[in-house]
Amino acid sequence: MARILFFVLGAVHLVVLAVGIPVVEFTTKALLMPVLAWWLHGQGGPRLMVAGLLLSTGGDVALEFDGFFIVGMAFFAAAHVCYVTFFARSFAAAGRRRWTITGVYAVVWAVLVVLLWPGLGDLQIPVAVYSLLLTATAVFSAARGVLTGVGGALFLVSDSLIAFRIADMELPMHGLLVMLTYMAAQYLLASGSLARSGGRSPALA
């Protein structure tokens, strides 16, 4: 039930985002992560992942208000700490593969920072620090399995799109792309956390 509600809310949110209904847009966005956390908790999911989803809710809400960007980023930073902590064991057990993953994402992070740095203004340092946690989630989640690895990568894509907007490099259909990749990222991270390292999530079986 909770998972179906998450997908319904997600679909409604994307539609109202496209047509422009602010009240419904805000409401559906604020409910997405609590509903996903409800589903994950009901599946016996890891507490750290549930906490990360709830912290993400704080970020989602804060980012809807002018002047609260740093607050929203702080909420998401705390969520990434939860994710990295949960995935740390899988990363430690990944052997040589973890260094390949780390190397690839280190290059991606460096390219993004160099590309976006001039347009970030006063947010240069906060965004750079946050992006390290974001990239760490991508790295550590990739060590666990395909689902979480794709989820971590999509989270990096979603938040990078937000950084592009801050740097006045907004893409067409920017809002839809941000939310589509964000919702997919969070769902894949959550569902992948139910599987054993490298295994298939029972949620998708």
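Grouping the Ile, Leu, Val, Met, Phe, Trp and Tyr side chains by contacts below 4.5 angstrom, directly or via other members, places F164 with L177. Cluster annotation: F65 and I166 are assigned to distinct hydrophobic clusters (Ile/Leu/Val/Met/Phe/Trp/Tyr, side-chain heavy-atom contacts under 4.5 Å, transitive). Put simply, L180 and V35 are part of the same group of oily side chains (I, L, V, M, F, W, Y) that touch within less than 4.5 Å, one to the next. Linking ILVMFWY side-chain heavy atoms closer than 4.5 Å, directly or via other members, places V129 and L55 in two distinct hydrophobic clusters. No continuous path of ILVMFWY side-chain contacts below 4.5 Å connects V178 to F68, so the two sit in separate hydrophobic clusters.
One distance of note links CG of L9 with CG of L36; it measures 10.5 Å at 0.5 Å rounding. Distance check, rounded to the nearest 0.5 Å: CE of M179 to NZ of K29 gives 5.5 Å. Here the CD atom belonging to E64 is positioned 10.0 Å from the OG1 atom belonging to T27, to the nearest 0.5 angstrom. We find the CE-CZ distance between M33 and F6 to be 4.5 Å, quoted to the nearest 0.5 Å. Rounding to the nearest 0.5 Å gives a distance of 10.0 Å between OG of S193 and CG of L48. Separation of atoms OG1 (T135) and CH2 (W109) is listed at 7.5 Å; rounding is to 0.5 Å.
A donor-acceptor pair under 3.5 Å is absent between the side-chain atoms of E25 and the main chain of L17, judged by distance alone. Remark: side-chain polar atoms of S158 are not paired, donor with acceptor, to backbone N or O of L154 under 3.5 angstrom. For the pair T137 (side chain) and G152 (backbone), a donor-acceptor distance under 3.5 Å is absent. S131 places a side-chain N or O within donor-acceptor distance of the main-chain N or O of A128, the cut-off being under 3.5 Å.
The aromatic rings of Y83 and H80 sit perpendicular to each other, their planes meeting at more than 60°, with 30° as the lower class boundary. Below 30°, between 30° and 60°, or above 60°: for F140 and F91 the angle between ring planes is below 30°, a parallel geometry.
The two atoms that bring L188 and G151 nearest to each other are CB-CA, 3.8 Å, heavy atoms only. Taking all atoms of both residues into account, the shortest heavy-atom contact from G10 to L32 is N-CD2, 3.6 Å. Shown here for R144 and S90, the closest heavy-atom pair between the two residues is NH1-OG, 3.4 Å. Counting all heavy atoms, side chain and backbone alike, A167 lies closest to L120 at CB-CD2, 4.4 Å. Considering all non-hydrogen atoms of both residues, S141 and T148 come closest at O-OG1, 2.7 Å. The two atoms that bring L147 and S191 nearest to each other are CD1-OG, 4.4 Å, heavy atoms only.
A side-chain contact (heavy atoms from CB on, under 4.5 Å) with L134 is found for exactly one of V127, L112, D159, V84, namely D159.
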* Evaluate the side chain to side chain contact (heavy atoms under 4.5 Å, CB included) criterion for residues I162 and F69: first the C-alpha distance (whole Å), next the side-chain angles of each, then the deciding distance (0.1 Å), finally the verdict. => CA-CA 11 Å; I162 295 175; F69 184 81; 4.3 Å; yes
* To do: Please lay out, stage by stage, how W39 and Y187 fare under the test ring-ring contact (aromatic ring centres under 6.0 Å, His included).
  => CA-CA 10 Å; W39 169 74; Y187 178 75; 5.6 Å; yes
* Check the pair I70, L123 against side chain to side chain contact (heavy atoms under 4.5 Å, CB included), reporting the backbone distance first and the verdict last. => CA-CA 9 Å; I70 295 295; L123 292 174; 3.6 Å; yes
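Taking the side chain as every heavy atom from C-beta outward, F87 and V139 never approach each other to under 4.5 Å. Looking at L115 and M169, their side chains come closer than 4.5 Å, going by heavy atoms from C-beta outward. Taking the side chain as every heavy atom from C-beta outward, Y182 and D60 approach each other to under 4.5 Å. Put simply, the side chain of Q124 does not reach to within 4.5 Å of the side chain of L116, judged on heavy atoms. Side-chain contact check for F75 versus T57: every heavy-atom pair is 4.5 Å or farther apart. Taking 4.5 Å as the limit, every side-chain heavy atom of C82 sits out of range of all side-chain heavy atoms of M49.
Listed by first then second residue, pairs satisfying salt bridge (Lys or Arg N to Asp or Glu O under 4.0 Å) with a partner in residues 182-192 number zero, not counting sequence neighbours.
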